[in-house]
Amino acid sequence: MKSSELRSAFQKYFEEQGHTAVASGSLVPHDDPTLLFTNAGMNQFKDVFLGREARDYTRATTAQRCVRAGGKHNDLENVGYTARHHTFFEMLGNFSFGDYFKRDAIKFAWNFLTGTLGIPEEKLWVTVYKDDKEAEDIWLKEMGVPADRFSRLGEKDNFWSMGDTGPCGPCSEIFYDHGEDIAGDPPGGPNDDGDRYIEIWNMVFMQFNRTADGEMHPLPKPSIDTGMGLERIAAVVQGVHNNYDIDLFQHILGEAGKLLGGVDSSNNSLRVIADHIRSSAFLVADGVLPSNDGRGYTLRRIIRRACRHGHKLGATGSFFYKLVPALVEAMGDAAQIVADNKDQVMDILKKEEEQFARTLDKGMKILEDDIADLKGTVIPGKTVFTLYDTYGFPVDLTNDIARERGLTIDEDSYEACMEEQRQRARAASQFGVDYNSAITVEGETEFTGYTNLVDEDTVKALFVEGEAVNAVTAGTKAVVVLNKTPFYAESGGQAGDTGILETANGEFRVLDTKKESGNHLHTGEVVSGSLKIGEKISAEIDADKRVDSARNHSATHLAHEALRRVLGGHVQQKGSLVDSDKLRFDFSHGEAMTEAQIKEVEQIVNTQVRANSAVNTEVTDMDTAHERGATMLFGEKYGDTVRVLSMGTDRFSVELCGGTHVERTGDIGQFVITSEGGIAAGVRRIEALTGQAAQDWLAENDRRLLEVGSLVKGNRETAADKVKALVARNRDLEKEIQQLKQKLASAAGADMASSAVEVAGVKLLSTKLEGVDPKSLRDMVDQLKNKLGSGVIMLATEAGGKISLAAGVTKDLTGKVKAGDLLKMVAEQVGGRGGGRPDFAQGGGSDAAALPSALASVEKWLGDKLS
């Protein structure tokens, strides 16, 4: 039975038992910040089990894609060394939400395994929690499982908890016996970690709620959560012992082997690659991009580990991304999300692979050098940190290489280096003290600013440097809290409002507004008089700034949708900043936008601006927002009621947003993108202007064009052609200069060759050159090789405290002397590094004072080499 047939058979069986087939959830658990990735079938039903969410069914079945490669559940480092560990796997599951319980769950599992799949009963072994007499009786007395194929296990193995508190309950597991020829004891035996007995099905009987005092109280609606790894049960059904021998992997392994020159499918490195393409492709398809933190960093680790194993097998170029089509073919309908985004997935994987390839060789050389000089079997933590910090080697990748060599890494000293870096980062960011985080006030501030620019209230609370006070006087910097306010507090990328708070006795200038524990904190300074708690106060925002901020905020919504239409549906908001001056929008995309794409986005937005359609807001529940097609930001937590903002013709943009906006799109006036660039791997940023600021920017650009035109004796229309001609002329002159430099180098080479000395019968020229362009050193080395015929050359030049070095060895001597070794010896003396081929090497340094002695040492070094 193929894996796809097995997946279908499982779901069909449970649908026949009254279960609703539910599609796999995303690998990114957007509504659960406690999880790095979806790692079990129950994740998407967590709120159902907790009673926070109701579904229109009480029984469900899924084939959930899962990743265990970070956080609490991390199988990454075991992949490639065991038969059953994977970073990506599919979990087949059946669930009951207060419907059936232990008896039916056990019956369903046993009948599917022994009936539908035809697995002999004598090949199965069952375990229960040691105190679960109810499950024990069902297995032994009702299902007829023999006592000699049954175990009672403790809390570590057969009791499940969602956390320290919350739903929990005993488990029952079914194991498959692979046979006496494979080592390992039955579950609970002294050697039960062997491969003979493999867990294939786990049933969690959620029947208690554990409170903070450790007491367990029966749940009003006991539930069932089960899971069976598709890859494990496929190995059983297909009669193989190793998961990598099932059909899901064999096609990918075969294609990977071909790409890498015919590597056998049993190769462990090839298995790492086959596993990692699955997790990498699905994570990218689910919106994760390689980065230096969080989920993106784990994805980067997986990709780079695969690439390193490919490099180990002889890969000379990008290969990993080419396995995506093979993955889609192997998994069929289960990989539809990858198939729908195939080009984007391949593009992101290729770029990450190319980025890593540029540093892999350098990093590997450092590691190899350190291993060669190693005294003992432990790689220093400083080396591990340098590889991570400078060359992007995740620590587990270095650990992987170490394990292959029979070595370990000094994790304690590595962590010490990491902590030093964190402290430096914290110190660099401590520009001041945030007193707002210490402010707590009962109740919440009512925001009236959607409709009011001015409002009246009484002073609720006053704070100075985080301390509550009763009054503040002129010149005092303080925080004012009101019961209600028209001032928008910084949120969702929109800057907080500024303005004036005024009482009968004083005036307070609001420089920023933030939100803490539901209260709006008006931060600023008393400009005259005084403010006291309980006084009546008038709150008036800077209207012009509010209007400009609203223009920019509304423009970000239009730009977001325009970017999706021009670049593709993969575009997701990754951050934004909106104030009265400009807007900034970060989004997921793997490459720089072209000028044509930038102009198309501008045109689309400005078309919506000119349409001057009304901007509509609706406060509703989350389900209705979903029905409206509202865009929701991944990672954001939304309340029971949400604010849906729609704008543009035919509801062009529909998003959840609590910010302030224009009344009609025409109020934006004009939209112009002023810059576009990358800020992280797979994340781009645009900056833009609206309204009068956009008009001013365009006018200034026009003025500059006129100025350029006059400088090249042209005008607006001819400026570009005139500049092109000037650039071409400049390029020709640079070529002429370079040719003259080469001629001078040749002449200088002839003079220098006569000053060479002999060391053990070999000509040596080691000298510092004055006024020589560092780029000319290579040409001079070649010239001197020709002049000497046979010899060793070490040249140096210095400018502005920076030393440039070049070493050359004629072909007939490279068997005795290597240019790279010579350069390394000199570079280390002048505080630098370098390397290259046996016949030529380049490098540099920064210690100019040490250069004379370094060059003088070459003669002795060469003599030692030749002796």
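Note: hydrogens, waters and symmetry copies are ignored here, and every other heavy atom, side chains too, is used.
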Rounded to the nearest 0.5 Å, how far apart are [atom1] of [X] and [atom2] of [Y]?
{"X": "Ile673", "Y": "Ile598", "atom1": "CD1", "atom2": "CD1", "value": "6.0 Å"}
{"X": "Leu283", "Y": "Leu289", "atom1": "CG", "atom2": "CG", "value": "10.5 Å"}
{"X": "Ser491", "Y": "Lys515", "atom1": "OG", "atom2": "NZ", "value": "6.5 Å"}
{"X": "Thr690", "Y": "Trp697", "atom1": "OG1", "atom2": "CH2", "value": "13.5 Å"}
{"X": "Asp696", "Y": "Leu689", "atom1": "CG", "atom2": "CG", "value": "9.0 Å"}
{"X": "Ser588", "Y": "Gln573", "atom1": "OG", "atom2": "CD", "value": "10.0 Å"}

Provide the closest heavy-atom pair for [X] versus [Y] in the form atom of the first, atom of the second, distance.
{"X": "Asn43", "Y": "Phe37", "result": "OD1-O, 4.2 Å"}
{"X": "Asp548", "Y": "Ser580", "result": "CB-O, 3.3 Å"}
{"X": "Ser554", "Y": "Ile668", "result": "CB-CD1, 4.0 Å"}
{"X": "Ala559", "Y": "Phe671", "result": "CB-CZ, 4.0 Å"}
{"X": "Ala562", "Y": "Phe652", "result": "N-CZ, 4.0 Å"}
{"X": "Asn552", "Y": "Asp579", "result": "ND2-O, 2.8 Å"}

**Message:** Let's go through Thr649 and Gln608 carefully: what are the C-alpha distance in whole Å and the side-chain angles of both, what is the deciding distance for side chain to side chain donor-acceptor pair (under 3.5 Å) to 0.1 Å, and is it a yes or a no?
**Reply:** CA-CA 7 Å; Thr649 55; Gln608 292 296 330; 3.2 Å; yes
Is it true that [X] and [Y] have a side-chain N and a carboxylate O under 4.0 angstrom from each other?
{"X": "Asp512", "Y": "Lys514", "value": "yes"}
{"X": "Arg300", "Y": "Glu352", "value": "yes"}
{"X": "Asp497", "Y": "Arg546", "value": "yes"}
{"X": "Asp542", "Y": "Arg509", "value": "yes"}

**Message:** I'd like to know whether Arg685 forms a side chain to side chain contact (heavy atoms under 4.5 Å, CB included) with Arg584, so could you lay out the CA-CA distance, the side-chain angles of the two residues, the decisive distance to 0.1 Å, and finally the verdict.
**Reply:** CA-CA 7 Å; Arg685 169 177 291 172; Arg584 189 179 78 199; 3.3 Å; yes
Within 6.0 Å of [atom1] in [X], more than 12 heavy atoms from elsewhere:
{"X": "Glu411", "atom1": "CD", "answer": "no"}
{"X": "Glu663", "atom1": "CD", "answer": "no"}
{"X": "Glu442", "atom1": "CD", "answer": "no"}
{"X": "Gln603", "atom1": "CD", "answer": "no"}

Set of side chain to side chain donor-acceptor pair (under 3.5 Å) partners for [X], sequence neighbours left out:
{"X": "Arg651", "value": "none"}
{"X": "Thr513", "value": "none"}
{"X": "Gln64", "value": "Ser24, Gln44"}
{"X": "Ser613", "value": "none"}

**Request:** Quick one: do Asn701 and Arg704 satisfy side chain to side chain contact (heavy atoms under 4.5 Å, CB included)? Show the steps, please.
**Result:** CA-CA 5 Å; Asn701 273 5; Arg704 289 172 181 166; 3.7 Å; yes
Does a side-chain heavy-atom distance below 4.5 Å link [X] with [Y]?
{"X": "Leu698", "Y": "Gln670", "answer": "yes"}
{"X": "Asn616", "Y": "Ser646", "answer": "yes"}
{"X": "Lys221", "Y": "Phe97", "answer": "no"}
{"X": "Arg565", "Y": "Glu561", "answer": "yes"}
{"X": "Leu656", "Y": "Leu645", "answer": "no"}
{"X": "Ile500", "Y": "Phe508", "answer": "no"}
{"X": "Val644", "Y": "Val654", "answer": "yes"}
{"X": "Phe45", "Y": "Arg55", "answer": "yes"}

**Message:** Within the 3.5 Å criterion, strictly below it, is a donor on Glu602 or Asn606 matched to an acceptor on the partner's side chain?
**Reply:** no
**Prompt:** Taking atom types as modelled, is there a side-chain donor on Thr665 or Asn612 under 3.5 Å from an acceptor on the other?
**Reply:** no
**Prompt:** How about His560 and Phe587: are their ring centres within less than 6.0 Å of each other?
**Reply:** no
**Prompt:** Per the side chain to side chain contact (heavy atoms under 4.5 Å, CB included) rule, which among His589, Met593, Glu591, Lys574 passes with Arg684?
**Reply:** His589
Check: [Y] main-chain N/O paired with [X] side-chain donor or acceptor under 3.5 Å:
{"X": "Thr38", "Y": "Cys66", "result": "no"}
{"X": "Arg551", "Y": "Gly669", "result": "no"}
{"X": "Arg643", "Y": "Glu618", "result": "no"}
{"X": "Thr211", "Y": "Glu215", "result": "yes"}
{"X": "Ser223", "Y": "Phe49", "result": "no"}

**Item:** Chi angles and distances behind the side chain to side chain contact (heavy atoms under 4.5 Å, CB included) call for Val566, Leu563
**Value:** CA-CA 5 Å; Val566 172; Leu563 286 164; over 6 Å; no
**Request:** Quick one: sort the Phe447 and His520 rings into parallel, tilted or perpendicular, breaks at 30° and 60°.
**Result:** parallel
**Request:** Test His661 against Met647 for side chain to side chain contact (heavy atoms under 4.5 Å, CB included), laying out the working first.
**Result:** CA-CA 10 Å; His661 290 272; Met647 66 176 73; 4.1 Å; yes
Contacts table for residues 469-485: side-chain donor-acceptor under 3.5 angstrom, sequence neighbours left out:
unit_1: Thr476; atom_1: OG1; unit_2: Thr473; atom_2: O; d: 2.8
unit_1: Thr485; atom_1: OG1; unit_2: Phe487; atom_2: N; d: 3.0
unit_1: Thr485; atom_1: OG1; unit_2: His522; atom_2: NE2; d: 2.9

Just list the side-chain donor-acceptor pairs under 3.5 Å for residues 526-541, sequence neighbours left out, or say none.
unit_1: Glu535; atom_1: OE1; unit_2: Lys532; atom_2: N; d: 2.8
unit_1: Glu535; atom_1: OE2; unit_2: Asn505; atom_2: ND2; d: 2.7

**Request:** Any chance you could lay out the ring-ring contact (aromatic ring centres under 6.0 Å, His included) test for His217 and Phe208, step after step, and finish with the verdict?
**Result:** CA-CA 5 Å; His217 308 276; Phe208 302 110; 9.4 Å; no
